[in-house]
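Residue numbering restarts at 1 for every chain, and letters A, B, ... go by the order of the sequence lines.
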Amino acid sequence: MSEPRLIKIRENVLKHNDVLAGTLRQRFRQAGVFVVSLVSSPGAGKTAFLEKTLTILGNKFRIAALVGDLATDNDAERLAGSNALVKQITTGTVCHLEAVMINKALEDWNLNKFDLLFIENVGNLVCPAGYDLGENIRLVLMSTTEGEDKPLKYPTIFNTADVAIITKMDIAEAVEFDLDKARKSIQSVRPGMKIFELSAKTDIGMHEWIKWLEEKIGDSKLTSAFEN
Amino acid sequence: MHELSIALSIVNIAVETLEKNGGGKVERLYLKLGKLSGVVKDALLFSWELACADTLLEGSCLVIEEIPIAVYCSVCNADRRLEAANNFFCPVCQNLAPQIVQGKELELTALEIV
C-alpha cells in the first residue's frame with residue numbers, strides 16, 4: 001500500500017459565488033446601477049420598508065427590485081403598485097439568495113435602463129451572511145418587536161452588513177423598546193455601523209434614510225465617472 | 001441551515017482537485033472554518049456523509065480546524081483574539097476594535113490521499 005500523500009488546495013469554498021458576485025458588481029458599475037440588498041428575520045418589515053422607499057424614489061430614479069422568498073409571489077405583488085420593475089425569486093427550499101440566482105433573474109433585463117436595484121433576501125438572519133450578491137450596500141433590518149439584543153444573538157449577519165435599519169419605530173413605546181440598548185448591541189457587534197431608526201408606516205426617519213441613500217448614489221456615480 | 005449546500009461545494013472542489021491530480025482514495029479533507037463564517041461545524045459534519053454519498057469522496061473524513069476571531073486594536077497596535085462574535089472590544093484596553101484580521105475563513109486547505 002502506498003504512503004498517503006497530501007494535495008494542498010487553499011481554496012475558498014464559496015469561490016464560485018464570490019467570482020460570480022464580482023462579475024455582477026462589475027456589470028452593475030458599468031451600467032451605472034447602484035445596488036442595495038436587504039436582510040432580516042421574517043416579518044421585520046423588509047417589504048413595507050421597500051414599498052415606501054420605492055414610492056418616495058420612484059419619480060426620481062429608474063428602479064428595479066428582486067425579492068426572494070421560499071414560495072409565493074405575494075411580495076412582488078405588493079411592490080407592483082410602485083413604478084419599479086419587480087421580479088420575484090422563489091428559492092424553493094433554499095434559505096438564502098446566491099449570486100447565481102441574481103444572475104439568472106437579470107437575464108432578460110437590460111441593466112442600462114435602471115439607476116437603482118434593490119435585492120430583498122429571504123427572511124433569515126443566518127444563512128445569507130456568507131453570500132456576496134454583488135451589491136454596493138447591504139442593509140440589515142431589525143424591528144422594535146424583536147428585542148434589543150437581536151444583533152448580539154446574530155452577530156455574523158450584522159457583521160457582514162453595512163447599515164442597520166431599526167423598523168417599526170411607531171410602536172417602539174408600546175412594545176417598550178429600549179433604543180439606547182439596541183444601539184449599543186449594534187455597536188458591539190459592528191463598531192461604527194450606520195444606524196437608521198424609522199417607520200415605513202408613519203414615515204418617521206424615512207427622510208434621513210432617503211437623503212443618505214441619495215448621497216451614496218451620487219458618490220458612486222461620481223466615482224464611476226472618474227473611472228470611465 | 002445551509003450547511004448541506006456548503007458541504008456540496010466542498011465535495012465539488014475536492015472532486016475537481018482529485019481528478020486533476022490523478023485520482024486516488026481521499027482519506028481526509030482539511031477545512032479551516034472561521035467563527036465568523038456563518039457556518040456551524042456540527043451541522044456541516046452532520047451533512048458530510050450525505051454530501052459524499054455516491055461520489056469519489058464516499059467514506060472520507062472532514063477534519064475541521066476552527067479559527068477564532070482576531071481583530072486589530074489600533075490603540076494597542078496589536079492583533080487581539082476575541083472570545084465571542086458579539087463583543088468587538090479589545091480584551092486588553094477595552095476600546096472598540098472593528099477591524100477583523102481573522103475569523104471569516106471557509107477554506108479547503110488540503111486533501112489526504114492513499
Side-chain angles (χ1 to χ4, degrees), chain A residues 1-20 39 70 91-101 121-122 124-132 148-162 184-194, chain B residues 1-14 16-18 20-40 43-44 69 71 73-74 82 84-90 95-100 103-114:
Chain A
M1 198 165 155
S2 59
E3 282 289 299
R5 64 191 171 102
L6 207 63
I7 305 175
K8 291 205 170 155
I9 306 181
R10 296 193 62 90
E11 196 159 289
N12 181 350
V13 173
L14 293 178
K15 182 188 73 172
H16 289 297
N17 187 77
D18 289 349
V19 169
L20 186 53
V39 289
L70 299 193
T91 61
T93 54
V94 181
C95 49
H96 58 272
L97 292 178
E98 297 187 15
V100 67
M101 300 175 192
N121 216 315
V122 177
N124 183 332
L125 278 179
V126 184
C127 306
Y131 295 87
D132 184 0
E148 302 84 359
D149 58 350
K150 207 75 190 240
L152 301 178
K153 290 176 177 167
Y154 298 90
T156 307
I157 196 96
F158 277 82
N159 215 292
T160 63
D162 306 290
K184 274 191 193 125
S185 299
I186 294 169
Q187 293 306 330
S188 163
V189 296
R190 184 101 158 102
M193 192 177 209
K194 180 83 187 158
Chain B
M1 173 66 190
H2 63 306
E3 277 74 6
L4 181 60
S5 81
I6 298 285
L8 291 168
S9 301
I10 298 173
V11 169
N12 284 339
I13 296 172
E16 221 170 80
T17 311
L18 194 63
K20 258 188 246 164
N21 286 273
K25 176 165 170 39
V26 177
E27 198 88 337
R28 291 187 183 82
L29 298 90
Y30 294 91
L31 182 81
K32 282 190 174 174
L33 185 64
K35 273 197 156 177
L36 272 179
S37 67
V39 175
V40 180
L44 187 57
I69 302 165
V71 291
C73 173
S74 56
L82 297 188
N86 58 15
N87 198 11
F88 276 73
F89 292 89
C90 171
N95 280 290
L96 279 171
Q99 201 180 325
I100 300 160
K104 292 191 164 182
E105 295 78 0
L106 179 56
E107 188 185 292
L108 188 60
T109 56
L111 301 182
E112 194 178 301
I113 296 169
V114 289

| request: Go through the steps for B:His2 and A:Tyr131 under the test side chain to side chain contact (heavy atoms under 4.5 Å, CB included), then give the verdict. | output: CA-CA 11 Å; B:His2 63 306; A:Tyr131 295 87; 3.5 Å; yes

| query | Hey, mind stepping through A:Val13 and B:Val39 against side chain to side chain contact (heavy atoms under 4.5 Å, CB included) and telling me if it holds? | reply | CA-CA 11 Å; A:Val13 173; B:Val39 175; over 6 Å; no

| said: Walk me through whether A:Phe158 and B:Asn86 qualify under side chain to side chain contact (heavy atoms under 4.5 Å, CB included). | reply: CA-CA 9 Å; A:Phe158 277 82; B:Asn86 58 15; over 6 Å; no

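Within a 6.0 Å radius of NZ in A:Lys184, other residues, nucleotides and ligands contribute 12 heavy atoms or fewer.
Looking at A:Leu14 and B:Ile6, their side chains come closer than 4.5 Å, going by heavy atoms from C-beta outward.
Once rounded to the nearest 0.5 Å, the distance linking CG of A:Leu6 with CZ of B:Arg28 reads 10.5 Å. Distance check: B:Glu3 CD to A:Cys95 SG gives 8.0 Å after rounding to the nearest 0.5 Å. The structure places CD1 of A:Ile7 at 3.0 Å from CD1 of B:Ile113, a figure rounded to the nearest 0.5 Å. Residue A:Glu11 holds its CD atom at 7.5 Å from CG of B:Leu108, rounded to the nearest 0.5 Å. To the nearest 0.5 Å, atom CD of residue B:Glu105 and atom CZ of residue A:Arg10 are 9.5 Å apart. Between A:Ser188 atom OG and B:Phe89 atom CZ the span is 5.0 Å, to the nearest 0.5 Å.
With a threshold of 4.5 angstrom between heavy atoms, B:Glu112 approaches chain A through its backbone and through its side chain.
Looking only at heavy-atom pairs under 4.5 Å with chain A, the residue among B:Ala14, B:Ala85, B:Ser9 that has the most is B:Ala85. With chain A as the partner, the residue from B:Ile100, B:Asn12, B:Leu36, B:Thr109 showing the most heavy-atom pairs under 4.5 Å is B:Thr109. With chain B as the partner, the residue from A:Ser185, A:Pro191, A:Gly192 showing the most heavy-atom pairs under 4.5 Å is A:Pro191.
Between A:Thr156 and B:Lys35, the shortest heavy-atom distance links the atoms OG1-O, 4.4 Å. Residues A:His96 and B:Ser5 come closest through the heavy atom pair CE1-OG, 4.3 Å.
Checked against A:Ile9 for a side chain to side chain contact (heavy atoms under 4.5 Å, CB included), the options B:Leu31, B:Asn21, B:Leu111 give a single hit: B:Leu111.
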